[in-house]
Amino acid sequence: MELTAGLVWLLVASALVLFMTPGLAFFYGGMTRAKAALNMMMMSFVAIGTVGIMWVLWGASMATSNEDNFFQIFANPFSHFGLHNFTDPADLLKVGYAATFAIITVALISGAVADRAKFSAWTIFTPIWATLVYAPLAYMVWGGGLFSKDGWFGQTFAPVIDFAGGTVVHINAGVAGLILVLIIGNRKGFGKDPNHRPHNIPFVMLGAAILWFGWFGFNAGAAATVEQAGLIWINTLAAPAAAMLGWLAVERYRDGHPTSLGAASGVVAGLVAITPACANVSPLGAIALGVVAGVASALAVGLKFKLGYDDSLDVVGVHLVSGVVGTVAIGFLATPTQGQAGLFYGGGTSQLVAQALAALMSIIFTAVMTAIIAYPIHKFMGFRVSQEQEVVGVDLSLHAETAYEFGIGGHGGSFQPLHDLITGNAPASSQDAAPAAGKTTEAATGKESVGA
Amino acid sequence: MELTAGLVWLLVASALVLFMTPGLAFFYGGMTRAKAALNMMMMSFVAIGTVGIMWVLWGASMATSNEDNFFQIFANPFSHFGLHNFTDPADLLKVGYAATFAIITVALISGAVADRAKFSAWTIFTPIWATLVYAPLAYMVWGGGLFSKDGWFGQTFAPVIDFAGGTVVHINAGVAGLILVLIIGNRKGFGKDPNHRPHNIPFVMLGAAILWFGWFGFNAGAAATVEQAGLIWINTLAAPAAAMLGWLAVERYRDGHPTSLGAASGVVAGLVAITPACANVSPLGAIALGVVAGVASALAVGLKFKLGYDDSLDVVGVHLVSGVVGTVAIGFLATPTQGQAGLFYGGGTSQLVAQALAALMSIIFTAVMTAIIAYPIHKFMGFRVSQEQEVVGVDLSLHAETAYEFGIGGHGGSFQPLHDLITGNAPASSQDAAPAAGKTTEAATGKESVGA
Amino acid sequence: MELTAGLVWLLVASALVLFMTPGLAFFYGGMTRAKAALNMMMMSFVAIGTVGIMWVLWGASMATSNEDNFFQIFANPFSHFGLHNFTDPADLLKVGYAATFAIITVALISGAVADRAKFSAWTIFTPIWATLVYAPLAYMVWGGGLFSKDGWFGQTFAPVIDFAGGTVVHINAGVAGLILVLIIGNRKGFGKDPNHRPHNIPFVMLGAAILWFGWFGFNAGAAATVEQAGLIWINTLAAPAAAMLGWLAVERYRDGHPTSLGAASGVVAGLVAITPACANVSPLGAIALGVVAGVASALAVGLKFKLGYDDSLDVVGVHLVSGVVGTVAIGFLATPTQGQAGLFYGGGTSQLVAQALAALMSIIFTAVMTAIIAYPIHKFMGFRVSQEQEVVGVDLSLHAETAYEFGIGGHGGSFQPLHDLITGNAPASSQDAAPAAGKTTEAATGKESVGA
Amino acid sequence: MKLITAIVRPEKLEAIREGLEAYGVQGLTVSAASGYGRQRGYTEVYRGAEYNVDLLPKIRVEVLATDEQADDILDVIISSSNTGRAGDGKVWTMDVFEAVRVRTGERGVAAI
Amino acid sequence: MKLITAIVRPEKLEAIREGLEAYGVQGLTVSAASGYGRQRGYTEVYRGAEYNVDLLPKIRVEVLATDEQADDILDVIISSSNTGRAGDGKVWTMDVFEAVRVRTGERGVAAI
Amino acid sequence: MKLITAIVRPEKLEAIREGLEAYGVQGLTVSAASGYGRQRGYTEVYRGAEYNVDLLPKIRVEVLATDEQADDILDVIISSSNTGRAGDGKVWTMDVFEAVRVRTGERGVAAI
Ligand SMILES: Nc1ncnc2c1ncn2[C@@H]1O[C@H](COP(=O)(O)OP(=O)(O)O)[C@@H](O)[C@H]1O
Ligand SMILES: Nc1ncnc2c1ncn2[C@@H]1O[C@H](COP(=O)(O)OP(=O)(O)O)[C@@H](O)[C@H]1O
Ligand SMILES: Nc1ncnc2c1ncn2[C@@H]1O[C@H](COP(=O)(O)OP(=O)(O)O)[C@@H](O)[C@H]1O
């Protein structure tokens, strides 16, 4: 089958959404301390690896509608295992697009546990969580399950409107982050240590920019018509623009200074809020929604200090809060032209009830399931590093690396040519191999230490 | 209406062009001092907010052709207020695309006033300028106004050829930057202070890369045919490539060293020059135009020191100069296949006269209007920070942030858990709220100061 | 001709692939020392300039199939000189797409000679190498030459399967890098100097992210059908995901620590390996291929220390090794649905033989040709800087710049307003020009030196 | 007068400051340093190549003090930065010939 | 011989250098420092959480000098870095036992 | 006791460390500095505007030593960092009144 316009757009949108996860790595990585930046970024990167592979193997199968499902909660993981048995020519494209959503949802969670999560535990947690939490929720909302028009919930209340992932992605990640924090605990010095402030704000802005760019694929990738694509595009511009101004206004009036971290955060809050609503609100509705989300999240990020849980990079304050704002706002703002109308457009309260209830049920589902997955991992292999590793920095202690080395002022050290170990030869034999190798081995005396 | 290939391309192109503005933030942000980097980036980011919202509300309406216009200068701002009343299914897509042009044009101006503009004044200036300067010029050139084939100028001389914004975007921004500099004045130490040199050249290159990438959407987004799209794509590769080499050659022979800042600047100069001409010159013409633009801007950036105006990041030298080069070059290089031929292709001087005259009229229009907007702002609320704020750095004094914190060597300080203020509770009451909150409040003794 | 879906995708893909070269600049630039970062990035940037222009002038003509070729090795460079004489409306789009491949292949080579190559020599080397090595190989494999179905090799053995450039791009660049290293020699302190470690790993990850993003255009840009596009997309996700995990596993078990540099490197190794095979293996095949490539390259990067050649950023270990892995693996893993089946799918050994032989012949061709080009350059103009320039850093000695300036802790210096030289006026005359210019000139006393 | 120079663990800065403030010291100067001593370093790995980092981050704290206070200040610094493990650092005092407060030009003990 | 150490405002480096050069000093060494003193700090805000930065950037200028010149140099530094506001910094001198120019091995006053 | 301070070329750190280790020194402290002296600087160019950088990167190496060892250590440092060209740097020694090892509280020569 020849490429169609819609499928070319899906192809592009999938690449855009995949690009968002490294964007998130920068958004988060710039917000941590310098000595934990690589680890922060690695949590996003490795999620592409683990969730990407898991999705190809059984995740796509679990989230795809077919006859063979488990109580409207997930589909048979083996019917398309390894992506075989697909018949529609466009199916692989759709699987790719869906994979990128699974990946970023998992990566989003990592912000809550910055600076202290054990990388090995995270690597194990990610594919399990994607299997037991993400894939079912995606199936329930988008795959024809519980919350869809064919599901029990959809038929009892109303089918949930969640165009691009208010519940499936943002509420889901926000709740999972909160549960992880409650299980593994706060950072040493939480709320007191000034070194917990962002080490590289331009990276945060770069991350926000990549996220925004990719979000056009995220929101509009599944647009069916020109009208819908145009509306989604405009809303994906307007809501974050408004949320940025909203967040900055809060800062201006509360703290006296509008900050760049606030601008970047506001953009993301606005993007989160418009995600479920992008195809169902008018441009003016998107502006209103953006302002509300920006203000709500700007106020919410301070809550963790009041309540004492160290959601380090505000996954709750930004993704859960603005995710709920966006999901519930649909009940008010949905325009009649795109299906069910919201309360403000004379559609009554039925959609509002459905939205609120679905948000609540997603929260409970994710909270319970995440605890069931994370608690045993924490119990048996440990989900956080030792205090000493935290003080040294997770980059060094887990990855044996430091993010930057700008010269004498940075770290330094001796080069130990342990490369012989790489290939398994003894130093003695390698000395004869080649002049340069001999030179290398000579260095192994431990005398060549330098640096600062 | 189903998605068509052309509209999918518009969808992608719009996202690409929006991505250019954060790209510009890095291009500019890397060129300032470290202590003003965030403010520089914020001027671009906030323009997405203010101009984005303004465009949705009334800007799109002003720039769009309809019966109801004001002396061929702008259209009725209220006929499509909030983007209602559009009838063509593709209209919202076109509005989105146009919005991204308005945004980046405004952001471009900020380079002229790096390190010293007041952020609040800038936030107010941007939507007003976009309303009174950008939207009219866009209407006059592209919306069916003065310079178009139906306008007075177009019928008297010839319709201006400005495919993607030589006058509307680059000349416009360059002139506005110059006027702002003349109004708010030079940086302290202009021309003498070695700390005015770029603090992060990789960021400049990243910005240039993102700009180039997005510029394919900028130039080719409105391509009508395959032939045109192909030609524009090639020209958008060839002109900046040639301009990069041209700029580097100037540096090699004048200063002895080809620099990376020069390479990045040359790329942008070439992109600027090909912008109006991209659909009307041959690939060889694009190479020639690129070389001329690269050389011209490389020579022009030194002028500010001679003439004594502190166009800090060379908005004039790059955007105005190469914008004029590109706009006027069309009069010589336009190929006959794409409409009116240029002088070198036997088309006579009529197009050349039209191009030069239009450039001149744009310069005058923008200069006058920008002065009318900026002068009162400067007079009544102040458009620049105090000398002390400039010395401390605009990042700290305006945004209460610093861009980087790489460890002990950087800034440091005490964490004052003023979070209680966030939620409005008194410290005392919050102490009882939760154990961790109590811990936080305990820190408020002001004794926990650390850092370096 | 109106835009078609396939051509819109080509338009987007071309922009994506062009974006890869700056991505590579960051991937490589982050891996060098801080004092050589700009030079590293410049080698990629200038390749866009030199190869871009060369491709427009004669490269496209050489690589394009037509009657008039030279022993099936390259086509007539003059038949489409300057891109004239093209008749198919889509031809310019295809030329643009092809140009981006030529550019990145050349840029890839630069990693081998980090920190010491002379920029002027590199600038001359790049267009010559692209003309005499890249364009012929592209013609032989893709343009209808030797290795294609109409060529001698293709008819004798089997047409080589190299969908997106295992031989043309990666083996080619890897071999050229190796030859360059052998000609210009190792860095001072190779294998001993701890300062040779990466200075900015987030940049490496940014580079890897941009590469991955662009690689969807690279691999899928030429997809003919929806099925093929979907398969390629999935494989371009799965193989690097698997390779990342493979590389991390090697590090975990060999060195004790999975690193972020390893994750980024694994991604690139997986992308390299899937490049030739992307349209011919199943998703499970892509996962297997990714794991093998990740493990193979993780083991191979240590070889340079054993063998004593300073392939600084592992062009051989990553691009040559994984390029060979991918090219040869097709002989085993090619599925029957996409043409010739591989050994594991009952296709016999004929394709395997063709793949291995073609890889070998490419290696020999590139090695010989690169030596013929680079050796005279090294002999007559010198291909590497002096030892003193290397110690000072190539950024300062070749480009008169430093990458970063974060404040007092960095470099510093006096601002010498030599701007007068720029415009050629004597200081005295310029003093009268304007008050600010006078101020500037006053600074030329050399007393205003500051910094640290 | 004396100048007390302490090369100590970076994470001890806060404790030292609190201690000195409690004792009544009005000012101090901090800068970055790296040290090599009995404390063992750590290993960094880049593409399989190992680096043994044994120059470890430290901070230098300097305090100008009168002869009388110098010994007390020494004790305050030591007690607030001691952990009992290698790498705790060194503190030393030197005689100062003259000291001046730049703001006022005051000299000697008045300048501290 | 004496070593003069000045902890002063970063923006004063240029003035000090000009002053010392005019006086005839041939060399000096500069490094980064942060200081805590009577000068009040500033506030940084990140997502609503406030940080009170009171360790402020300073530079350390060090000059080796003969006993005779030491006092003049002290005066030059003070007069070129004084602004009269808190945060101007401190300058102190210490006795140097021996000094060597590495290039030639010259010792004592000849090494300066 | 003596404190030996050396301001030398950054690339000489390794040689100094090897020399001192061979001599038997157990620890040292390194920090970044920039110096201005007889060594000429270099030029940076940004968009055609030239900057004459004459503050050049140096490192500061500090070693605490007993009075007896101080002179030998001085010699070791000088011989391992000398290149004979301008910019080699300066080394000086100063008397130390008291020294303490933070870990154990040992004072005087025992603390070195
Ligand atoms: N002789 C010395 N001269 C200067 N600094 C030293 C000396 N010995 C140790 N140091 C500094 O003290 C720090 C701690 O030294 P270390 O030997 O680890 O502690 P300890 O002596 O308590 O075992 C070192 O990192 C170094 O900065
Ligand atoms: N007792 C001290 N010991 C060491 N450095 C000091 C001392 N007091 C002040 N300083 C340094 O001098 C700087 C200026 O001190 P400050 O108290 O603001 O000035 P002043 O004493 O003129 O009011 C401080 O930032 C700090 O670096
Ligand atoms: N009088 C001085 N006081 C402090 N440091 C000095 C002095 N003179 C030189 N230096 C330091 O020594 C370094 C080398 O000085 P330089 O004059 O180039 O060497 P030389 O004296 O051997 O020619 C300078 O960069 C500076 O850091």
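Each chain gets a letter, A, B and so on, in the order its sequence line appears, and its residues count up from 1.
- For chain C, the nearby parts of A:Val95 are the backbone and the side chain; heavy atoms of each come within less than 4.5 Å.
- At a 4.5 Å heavy-atom cutoff, the contact between A:Ala99 and chain C is made by side-chain atoms alone.
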- Task: Dump the intermediate steps for salt bridge (charged side-chain N to carboxylate O under 4.0 Å, His left out) on C:Lys188 and C:Asp193, then the final yes or no.
- Result: CA-CA 8 Å; C:Lys188 189 170 147 64; C:Asp193 189 340; over 6 Å; no

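- When atom types are taken as modelled, the side chain of A:His80 and the backbone of A:Pro77 share no donor-acceptor pair closer than 3.5 angstrom.
- Of the atoms belonging to C:Pro198, it is backbone heavy atoms, and not side-chain ones, that fall under 4.5 Å from chain A.
- Looking at C:Ile232, neither its backbone nor its side chain comes within 4.5 Å of chain A, counting heavy atoms on both sides.
- If you measure heavy-atom distances from A:Ala400 to chain C, the contacts under 4.5 Å come from both the backbone and the side chain.
- Residue C:Leu16 does not touch chain A at all, counting heavy-atom pairs closer than 4.5 Å.
- Note on C:Pro202, C:Pro283, C:Ala5: by heavy-atom pairs under 4.5 Å with chain A, the leading option is C:Pro202.
- A distance-only check finds a donor-acceptor pair linking the side chain of A:Tyr97 to the backbone of A:Gly217 [under 3.5 Å].
- With chain C as the partner, the residue from A:Leu18, A:Leu11, A:Val8 showing the most heavy-atom pairs under 4.5 Å is A:Leu11.
- Using a 4.5 Å cut-off between heavy atoms, A:Ser120 does not touch chain C at all.
- For A:Ser61 (side chain) and A:Trp58 (main-chain N/O), no donor-acceptor pair under 3.5 Å exists by modelled atom type.
- Within the 4.5 angstrom heavy-atom criterion, atoms from both the backbone and the side chain of A:Phe45 approach chain C.
- When heavy atoms are compared at a cutoff of 4.5 Å, C:Met205 approaches chain A by way of both its backbone and its side chain.
- Between the CG atom in C:Leu271 and the CG atom in C:Asn219 there is a gap of 7.5 Å [rounded to 0.5 Å].
- A distance of 7.5 Å separates OG1 in A:Thr64 from CG in A:Asp91, rounded to the nearest 0.5 Å.
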- Item | Residue pair A:Met1, A:Leu7: steps toward the side-chain contact (heavy atoms from CB on, under 4.5 Å) verdict | CA-CA 11 Å; A:Met1 180 180 139; A:Leu7 292 176; 3.5 Å; yes

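- Heavy-atom pairs under 4.5 Å with chain A peak, among C:Thr225, C:Thr4, C:Val226, at C:Val226.
- Within the model, atoms CZ of C:Arg252 and NE2 of A:His399 stand 11.5 Å from one another, a figure rounded to the nearest 0.5 Å.
- Proximity to chain A (any heavy atom under 4.5 Å) is shown, for C:Ile210, by both the backbone and the side chain.
- Contact count versus chain A (heavy atoms, under 4.5 Å) is highest, among C:Val204, C:Leu206, C:Val267, C:Asp310, for C:Leu206.
- Only the backbone of C:Ala223 has a heavy atom closer than 4.5 Å to any heavy atom of chain A.
- Atom CG of A:Asn39 and atom NZ of A:Lys118 lie 13.0 Å apart (nearest 0.5 Å).
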- Could you check A:Leu92 against A:Leu83 for side-chain contact (heavy atoms from CB on, under 4.5 Å), going step by step and ending with a plain yes or no? CA-CA 8 Å; A:Leu92 284 188; A:Leu83 306 184; 3.9 Å; yes

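- Rounding to the nearest 0.5 Å places NE2 of A:His199 at 5.5 Å from OG1 of A:Thr32.
- The nearest pair of heavy atoms linking C:Gly262 to C:Thr259 is N-OG1, 2.8 Å.
- With chain C as the partner, the residue from A:Ala25, A:Ala403, A:Ser397, A:Gly29 showing the most heavy-atom pairs under 4.5 Å is A:Ala403.
- At a 4.5 Å heavy-atom cutoff, the contact between A:Ile48 and chain C is made by backbone and side-chain atoms alike.
- To the nearest 0.5 Å, atoms CH2 (A:Trp122) and CG (A:Leu398) are separated by 13.5 Å.
- Heavy atoms closer than 4.5 Å to chain C are found nowhere in A:Phe86, neither backbone nor side chain.
- Listed options C:Ala238, C:Ala34, C:Ala263, C:Pro258 were ranked by heavy-atom pairs under 4.5 angstrom with chain A; first place goes to C:Pro258.
- Contact of A:Val51 with chain C is not made at all, since no heavy-atom distance falls under 4.5 Å.
- Both the backbone and the side chain of C:Trp9 come within contact range of chain A, with heavy atoms under 4.5 Å apart.
- Ranked by heavy-atom pairs shorter than 4.5 Å toward chain C, the options A:Pro22, A:Gly6, A:Gly96, A:Pro89 are led by A:Pro89.
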